[in-house]
Asks: 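Have a look at this one.
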Number of protein chains: 2
Amino acid sequence: MVIVGRPRGFDEETVTAAAAALFATRAYDGVGVDDLVQHLGVHRNSLYKTFGSKRGLYLAALHWHVSHVLQPLIDQLRSGRDPEQFFDHVTRKGNLDLLLLAAVERAPADTEVAAVVAQALQLLEQAIDDVPMLPSGRTGKIALSELLGERVRVRALSAG
Amino acid sequence: MVIVGRPRGFDEETVTAAAAALFATRAYDGVGVDDLVQHLGVHRNSLYKTFGSKRGLYLAALHWHVSHVLQPLIDQLRSGRDPEQFFDHVTRKGNLDLLLLAAVERAPADTEVAAVVAQALQLLEQAIDDVPMLPSGRTGKIALSELLGERVRVRALSAG
DNA sequence: GCGGTTTAGGAACGGTCGTTCTTGACCGAT
DNA sequence: ATCGGTCAAGAACGACCGTTCCTAAACCGC
């Protein structure tokens with residue numbers, strides 16, 4: 001495979017990460033392609049050439065979020081050091097927002113999103129379940145629900 | 001005040017309830033005025049005459065949901081009988097979905113929605129807090145978070 | 001009946017959506 | 001230098017959005 005033609009002036013992963021940040025703030029339909037073009041600094045044509053469609057970019061951003069944000073947090077939790085910091089990163093900072101929005105808003109309308117969300121939730125649940133010395137009677141499922149709900153509350157109150 | 005003119009052919013509260021049901025399934029931007037006209041059986045002009053705008057109808061639906069769905073559930077919980085049924089109505093059935101969507105998706109973009117959501121969450125939290133014989137160490141805040149998160153999980157997995 | 005008022009029914013509006021097309025600049029290999 | 005290819009830039013597309021306007025029908029008080 002020989003590279004031919006003008007090289008692209010943007011880094012695909014950087015753009016994907018920026019898209020993830022944007023999709024984490026507003027609902028899918030609330031983020032226009034114009035917004036993406038403006039915040040990502042990449043032209044429409046390049047976006048469509050690279051990701052195919054707005055949905056393609058969203059799916060790429062969601063996958064990136066799971067593997068480059070959630071997975072490191074999971075790894076950190078599994079390392080056993082500072083489980084409190086995991087809680088903080090997830091609830092206080094917005095590291096769960098894209099997954100949360102995807103679960104609540106997109107998943108019911110997009111089976112592919114639903115599948116990614118389901119897998120991510122499973123990963124999180126399992127990781128929490130494997131934490132030693134979890135208070136008795138508290139499964140990973142319950143602890144994860146508490147995490148998600150806590151973030152819902154914080155997010156809802158953060159505006160106004 | 002004397003009534004003059006053709007009487008309306010629909011019940012305002014029935015329409016509001018139907019709108020609430022619709023807004024509970026999809027995101028705000030995902031529900032078009034055409035959808036509302038079709039599912040509610042009321043024509044555009046009447047909707048705009050009655051509620052002013054799509055946002056006005058949404059706010060009416062949200063208020064109705066809080067006072068006619070959540071409040072009765074709260075009252076039932078406070079009555080002390082069958083607290084398990086409260087949990088079931090809220091998580092298994094969709095009785096929390098409109099509030100959940102409003103909290104996650106609308107509240108950050110609409111301060112009036114945020115205010116209604118904040119008050120509703122406060123009501124729920126207080127009601128749970130006042131339940132006697134709550135397991136020690138479990139505040140209403142934590143129990144409500146768990147409720148919300150559980151519903152997020154169920155909702156995300158219900159599609160696909 | 002009649003006049004006044006409100007609803008019902010659609011057509012129509014400007015704006016914005018996601019997407020595509022057109023044009024020219026750019027780069028690597030020949 | 002030239003050709004083949006990709007990229008950048010912006011205009012343009014049809015479709016749909018929320019909203020408004022216009023006309024006819026239905027009802028009340030007189």
Asks: Excluding sequence neighbours, so at least two apart, what forms side-chain contact (heavy atoms from CB on, under 4.5 Å) with B/Thr50?
Replies: B/Arg8, B/Phe10, B/Glu12
Asks: I need the CG-C1' distance between B/Leu57 and D/dT19, as an integer number of Å.
Replies: 14 Å
Asks: Give the rounded distance in Å between these two atoms: CD of B/Gln38 and C1' of C/dG9.
Replies: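 Distance, rounded to whole Å: 16 Å.
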Asks: Assign a letter to each nucleotide of nucleotides 10-19 of chain C from its 5' end: B, base within under 4.0 Å of a protein heavy atom; S, sugar-phosphate only; -, no contact.
Replies: BB-----SSB
Asks: With sequence neighbours left out, write down each residue that passes side-chain contact (heavy atoms from CB on, under 4.5 Å) with A/Asp11, or none if nothing qualifies.
Replies: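 Residues passing side-chain contact (heavy atoms from CB on, under 4.5 Å) with A/Asp11: A/Glu13, A/Thr14.
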Asks: Kindly state each residue pair satisfying ring pair (Phe, Tyr, Trp, His ring centres under 6.0 Å) with at least one member in residues 40-63 of chain A, sequence neighbours excluded.
Replies: A/Phe23-A/Tyr58, A/Tyr28-A/Tyr58
Asks: Taking side-chain contact (heavy atoms from CB on, under 4.5 Å) as the test, write out the residues that go with A/Ala103, two or more places apart.
Replies: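 Only A/Val117, B/Val152, B/Ala156 meet the side-chain contact (heavy atoms from CB on, under 4.5 Å) criterion with A/Ala103.
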Asks: Please collect all ring pair (Phe, Tyr, Trp, His ring centres under 6.0 Å) contacts where either partner lies in residues 75-110 of chain A, sequence neighbours excluded, each pair once.
Replies: none
Asks: Could you tell me which non-hydrogen atom of A/Ser67 sits nearest to which non-hydrogen atom of A/Pro72, and how far apart they are?
Replies: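 Taking A/Ser67 first and A/Pro72 second, the nearest heavy atoms are O-CD, 3.6 Å.
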Asks: What N/O pairs connect the protein and nucleotides 28-30 of chain D at under 3.5 Å? Give each pair on its own line.
Replies:
from, atom 1, to, atom 2, distance (Å)
D/dC28, O3', B/Ile3, O, 3.3

Asks: For B/Ala17, check side-chain contact (heavy atoms from CB on, under 4.5 Å) against everything at least two apart and list the hits.
Replies: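 B/Ala17 satisfies side-chain contact (heavy atoms from CB on, under 4.5 Å) with B/Trp64 only.
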Asks: Going by the side-chain hydrogen bond (donor to acceptor under 3.5 Å, both in side chains) test, which pairs reach into residues 114-125 of chain A, not counting sequence neighbours?
Replies: A/Glu125-B/Arg153
Asks: In whole Å, what is the span from the CG atom of A/Asp11 to the P atom of D/dC7?
Replies: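 To the nearest whole Å, that distance equals 14 Å.
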Asks: If I take atom CZ in residue A/Phe10 and atom C1' in nucleotide D/dA8, what distance separates them, rounded to the nearest angstrom?
Replies: 11 Å
Asks: Does A/Ser46 place a side-chain N or O at less than 4.0 Å from the phosphate oxygens OP1/OP2 of D/dA8?
Replies: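 Affirmative; the distance criterion is met.
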